[in-house]
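To start, the structure under review is shown below, and the notes come after it.
Only a predicted model underlies this, so the values are computations on that prediction, with no experimental measurement involved. Every chain is numbered from 1, with letters handed out A, B, ... down the list of sequences.
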Protein chains: 2
Amino acid sequence: MAVTIKDVAQLANVAPSTVSRVIANNPRISEKTKVRVREAMEKLGYHPNFIARSLANQSTQILGLVMPGSSETFFNNPTFATILRGLSEGARERKYSLLMNTGNSDEEIFEGVVEMVQGGMVDGIILMYSRMNDHTITYLQSRNFPFVLIGKPYEFAEEITYVDNDNYLAAKEATNYLLDLGHKKVGFIGGHSKLVMTHDRLLGYEGALKEHGIVPRNDYIFYEEALREEMHEVMQNLLSLSEVPTALVVHDDLMALSIMNNLRSLGCLTPEHMSIVSLNNTLFSEISLSSFTSIDTNMYHTGYQAARCLVQKLASPGERIQSAIIPHHFVERDSCQRVQAEMLV
Amino acid sequence: MAVTIKDVAQLANVAPSTVSRVIANNPRISEKTKVRVREAMEKLGYHPNFIARSLANQSTQILGLVMPGSSETFFNNPTFATILRGLSEGARERKYSLLMNTGNSDEEIFEGVVEMVQGGMVDGIILMYSRMNDHTITYLQSRNFPFVLIGKPYEFAEEITYVDNDNYLAAKEATNYLLDLGHKKVGFIGGHSKLVMTHDRLLGYEGALKEHGIVPRNDYIFYEEALREEMHEVMQNLLSLSEVPTALVVHDDLMALSIMNNLRSLGCLTPEHMSIVSLNNTLFSEISLSSFTSIDTNMYHTGYQAARCLVQKLASPGERIQSAIIPHHFVERDSCQRVQAEMLV
DNA sequence: TTGAAAGCGCTAACAC
DNA sequence: GTGTTAGCGCTTTCAA
């Protein structure tokens, strides 16, 4: 087997506990022995065994990642990679690793969380999404297990540490921007309808409309699950409404691009016939892929901050860790157009 | 603390070892005690402790993931997410978890691998990239530690289990397609120049040219690192060559889209003025985002297969596990055009 | 078919 | 300052 603390102790002529103290850089060990022990470690190529240490410490230096049920969808969305990059950096800085838990159904995912938690595999958990009535949250709360939520909690916002954007405001700003360009018929393409994020954004969208004296229309509102399968049909229906929208607020860049292509194939051009503002500005803007007017929700920083919050929580258990709202900012490009006279019919 | 095997043993009136056997479903335990023990587990809400089990078993059921140095670049590329999704599924099916190791420099990443391996954190390792002269591979080989490489090994291909596409052939087919459309001036936009994948594809590209009696030109060949910072400049230079290419073979969809946009802003349209074939058909095609003619290298399956191979390797140590070549296939869409008379000048 | 006990590699309380 | 010892929670010989 591999070289252990005992081997080092023997070579350095000390007790295993002394070696352990040297590893922890315990100040009560004399410099002389420290040097001797370190030489022995070097010589033998010793590396501490994480598992044994974890067992003794009751802590693994690992954070568990929980993704939403439809992991296929999630993985395919650039937002995911961006959050993950932030998480990874935030964890790495504090010497934590990330363990991924995936599953093909909510049940499987929940089981995975239970195993992670009760199995002692992770010190804390990051929920990469916020959904209404989430089983997992209730479970973690009931066990008083440290976790951080990415997205706003549906309930118990006071008791949960979370990292989120101000989705209400972001959607409202996006909608206002379109309204200010003279659009009266503005549609909303949301993310998954069970996500709190979608819910908040819808409220922001509707809020903006109402403040402009416009009544929200249900036939202008769509969710991701409807679009995933039959985007083309939905777009066709949209364009055959008696009052076709002239602008859309869209959940993310990916959907926006997809919608734009679909509309184009139906003869509806962006921005000439349809203005589009997307939320969650991700890699597309970074590499100047598209030229969407977009609200950058800074997902990298969201992930980064989530990791930081969780680590902090682990460092000072019991203490209430402040939730964080990551600021968004508006990025104007050229997927929108001031409304034309003929569109005002 | 949490409920342990001892608590269960006590409640069920058996020895801890018996409980352990029940967990392992040891056939030598009578059905009667099994039932009694399981009832006790149920009643107490017992879940085995992974760490303790790992220590006793000298195995963690965790696979370590190693990403290329420039993790920022990598994370932003949809290819990454797709491979990851495949890995995740392949691992999950066999009850393995994935542990991510990231770092901001090659040195940091290597250190991370050493810690994972010597620290006993993982049972095996997946290298998500193949680079020339990779330190990490030498290390893993020297310790005889199980690992699988995604991409073709630069050396020792016989001794290493790897999962790859036939990148040579893929690039050759892409190039041939363009040549068959009448293009004579075909450029190559590669990935990172140190990646074996890039190297192989370049060979395929050059091979196709040579078979058509065309001499490859260095000023038609570019690598990712050059483009990342100054894509616009590079494209400008390309267009101001005395003999401007009429077609490009591009490393992936993301770059292709980016290049297309850049060229368009310079007045060079796809496919009218420039035909483009991309490799690594990823999410873009899945959601019909773009209409690139592309070679689908099936990265999901690549990741999936890599996980499977590694798991198999762990199951039968010593045995030589067959490397896998994941087939690619050509997807014709509309980013290419038969060469026009006037372009043949 | 089951129990007792040793041990996986490390840490930490207690002793000197 | 350093050694001794008893766990951390589980598996696995060896005995019975």
Side-chain angles (χ1 to χ4, degrees), chain A residues 1-38 40-41 44-62 95 114-123, chain B residues 1-38 40-41 44-62 95 114-123:
Chain A
M1 258 303 36
V3 28
T4 77
I5 210 171
K6 276 188 188 172
D7 303 320
V8 177
Q10 198 163 18
L11 182 62
N13 245 309
V14 293
S17 53
T18 303
V19 177
S20 174
R21 289 184 186 110
V22 173
I23 294 171
N25 204 12
N26 187 320
R28 307 199 313 202
I29 299 288
S30 73
E31 273 312 312
K32 224 170 54 189
T33 34
K34 273 188 186 173
V35 169
R36 209 170 67 237
V37 170
R38 287 199 183 114
M41 299 199 306
L44 297 174
Y46 170 78
H47 272 261
N49 181 310
F50 265 95
I51 303 300
R53 170 180 282 187
S54 298
L55 185 58
N57 281 336
Q58 301 286 68
S59 136
T60 59
Q61 293 283 112
I62 295 179
K95 306 251 178 230
V114 172
E115 283 189 1
M116 275 185 173
V117 170
Q118 317 233 23
M121 288 227 285
V122 298
D123 292 349
Chain B
M1 255 310 28
V3 29
T4 76
I5 210 171
K6 277 188 187 171
D7 303 322
V8 177
Q10 199 164 18
L11 183 62
N13 246 310
V14 294
S17 50
T18 303
V19 178
S20 174
R21 290 186 184 106
V22 174
I23 295 171
N25 204 11
N26 187 318
R28 307 202 310 205
I29 299 289
S30 73
E31 273 312 313
K32 220 169 60 187
T33 34
K34 275 189 184 171
V35 169
R36 208 169 68 238
V37 168
R38 288 198 182 113
M41 299 201 305
L44 296 173
Y46 171 78
H47 273 261
N49 182 311
F50 266 96
I51 303 299
R53 169 179 284 186
S54 298
L55 186 59
N57 281 337
Q58 301 287 68
S59 136
T60 59
Q61 292 285 110
I62 295 179
K95 305 251 178 228
V114 173
E115 284 189 1
M116 274 184 174
V117 171
Q118 316 232 26
M121 288 227 283
V122 298
D123 292 349

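Put simply, CD1 on I29(A) and OG on S17(A) are 7.5 Å apart, with the number rounded to the nearest 0.5 Å. Note: R53(A) CZ to L55(B) CG = 13.5 Å, rounded to the nearest 0.5 Å.
Using a 4.0 Å heavy-atom distance criterion, V19(A) is classed as making no nucleic acid contact. Contacts of R53(B) with the nucleic acid, taken as non-hydrogen atoms under 4.0 Å apart, involve only primed sugar atoms and P, OP1 or OP2. Heavy atoms of F50(A) sit nowhere under 4.0 angstrom from any nucleic acid atom.
The side chain of I29(A) sits closest to dT2(D) out of dG3(D), dT2(D), dA12(C). Each of dG9(D), dC10(C), dT2(D) was ranked by its minimum atom distance to the side chain of P48(A); first place goes to dC10(C). Listed candidates were dG3(D), dC10(C), dG1(D). Nearest to the side chain of A56(A) is dC10(C). Nearest nucleotide to the L55(B) side chain, out of dT2(C), dT11(D), dG9(D): dG9(D).
One can place CD of Q118(A) at 16 Å from C1' of dC10(D), the figure rounded to the nearest angstrom. For I51(A) and dC10(C), the CD1 to P distance is 11 Å, given to the nearest whole Å. One can place CE of M121(B) at 18 Å from C1' of dC8(C), the figure rounded to the nearest angstrom. Note: CZ (R28(A)) to C1' (dG3(D)) measures 12 Å, nearest angstrom. When the C1' atom of dT2(C) is taken as reference, atom CG of N13(B) falls 13 Å away, rounded to whole Å. For Q10(A) and dC10(C), the CD to P distance is 14 Å, given to the nearest whole Å. Separating the CD1 atom of I5(B) from the P atom of dA5(C) is a distance of 17 Å, rounded to the nearest angstrom. Summarising the geometry, the separation between NZ on K6(B) and P on dA5(C) is reported as 12 Å, rounded to the nearest angstrom.
The phosphate of dT11(D) (OP1 or OP2) has no side-chain N or O of N26(B) nearer than 4.0 angstrom. Contact annotation: Q58(A) reaches the phosphate of dG9(D) (side-chain N/O to OP1 or OP2, under 4.0 Å). Regarding contacts with the backbone of dT2(D), a side-chain N or O of T33(A) is found under 4.0 angstrom from either OP1 or OP2. The shortest distance between the side-chain N/O atoms of S17(B) and the OP1/OP2 oxygens of dC10(D) is not below 4.0 Å. The shortest distance between the side-chain N/O atoms of S30(A) and the OP1/OP2 oxygens of dT2(D) is below 4.0 Å.
Side chain R36(A) to base dT2(D): no donor-acceptor pair is found below 3.5 Å. Judged by distance alone with a 3.5 Å cut-off, no donor-acceptor contact links the side chain of S20(B) to the base of dT12(D).
With I5(B) as the fixed residue, the side-chain contact (heavy atoms from CB on, under 4.5 Å) test singles out one of N49(B), I23(B), V37(B): I23(B).
In the displayed structure, Q61(A) atom CD is contacted under 6.0 Å by more than 12 heavy atoms of other residues, nucleotides or ligands. The 12-atom threshold is exceeded at CD of Q118(B), counting heavy atoms of other residues, nucleotides or ligands nearer than 6.0 Å.
Where E31(A) and N57(B) each meet DNA chain D at their nearest nucleotide, the meeting point lying more 5' is that of E31(A). Take the nearest nucleotide of DNA chain C for A15(B) and for N49(A): the residue whose nucleotide is more 5' is A15(B).
Checked by atom type, the side-chain pair S30(B)/T33(B) shows a donor-acceptor distance below 3.5 Å.
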